[in-house]
Amino acid sequence: MEENKLKVLEELHSSGILSDDEFERSKEKFRQSETFKNQDETSSREDETSKKSEDLPLNLSENAYLALMSFLIIVPKIGWFLPIILWIIAKNKSEKVDAQGKYICNWMITYFLVSIAFMIFGAPVLLINSFSSLSTFNIFSNFSGVLLLGAIFSLWIFVVPIIGAIKGLSGETWKYPLSLQILK
């Protein structure tokens, strides 16, 4: 479109309708108007971006907020309540934050229930097998299944939030695998 307007100006100038001064002034006005249009478009995009970041706490973008919620799970001592607090603060400001917060809460509830089940069923197995294996001096072979489950569970509670944070950075909400759907 810009090229078409410049071509029309050049044709008018070459045909003698526009003088040299008129042609230069018209060309300059056209360039200035295009510069202002581009600046207005850029500033409106920046305004939209800043509005999004001003709506969420800490002036973070939605993607960064989603990633932070997921990543904070693996931080010792604060990782179990801080993502919930972040979700409660911003759940009315973004649909994605609300959905991801529910996924995180479901995952935490699932983690808690699996931990309780592991303690109820795993501890007796460990105790029984450790006492029966004292006579054979082969402790690890008798409860290696329980140790393997514990190792898989430990890996699961560390890796899943990192994957959620990576997905959040790309703007996706991610339903954590093997989570019970308690909050919908």
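Computation of the quantities below employed the complete heavy-atom set of this structure, encompassing side-chain atoms and omitting hydrogens, waters and symmetry-equivalent molecules. These numbers were taken from a predicted model, which means no experiment stands behind them.
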ask   = Do L82 and W87 belong together in a cluster built from hydrophobic side chains that touch within less than 4.5 Å?
value =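 In one cluster with L82: W87, yes.
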Query - Cluster overlap L169 with V159, hydrophobic side-chain contacts below 4.5 Å - result: no
Going from [atom1] on [X] to [atom2] on [Y], what distance comes out if it is rounded to the nearest 0.5 angstrom?
X	Y	atom1	atom2	result
K175	N106	NZ	CG	8.5 Å
F158	I163	CZ	CD1	11.0 Å
I109	Q181	CD1	CD	10.5 Å
C105	Q100	SG	CD	10.5 Å
I182	T110	CD1	OG1	5.5 Å
K167	I162	NZ	CD1	14.5 Å

Which heavy atom of [X] sits nearest to which heavy atom of [Y], and what is that distance?
X	Y	value
G171	N63	CA-OD1, 3.1 Å
T173	K96	CG2-O, 3.4 Å
P177	W156	O-CZ2, 3.5 Å
E62	L56	CA-CD1, 3.5 Å
S19	E22	N-OE1, 2.9 Å

According to the interplanar angle, ranging from 0 to 90°, do the rings of F153 and F118 count as parallel (below 30°), tilted (30 to 60°) or perpendicular (above 60°)? parallel
L68/L58 under side-chain contact (heavy atoms from CB on, under 4.5 Å): CA gap, chis, key distance, verdict
CA-CA 11 Å; L68 182 66; L58 307 172; 4.0 Å; yes
Point to revise | All pairs passing salt bridge (Lys or Arg N to Asp or Glu O under 4.0 Å) where residues 99-117 contributes a residue, at least two apart | key: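 Output for this query lists D98-K102.
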Q.
Looking only at the aromatic ring of each residue, does the gap between the centers of W174 and Y176 stay below 6.0 angstrom?
A.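 So the answer is yes for these two rings.
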Paired with P161, the side-chain contact (heavy atoms from CB on, under 4.5 Å) test is passed by just one of I104, I74, L72, namely I74
Query raised in the report: Above 12 or not: heavy atoms from other molecules or residues under 6.0 Å from CD of E95?
Result: no
Could you tell me if Y103 and S70 have a donor-acceptor pair between their side chains, going purely by distance under 3.5 Å?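 Judged by distance alone, the side chains do not pair up.
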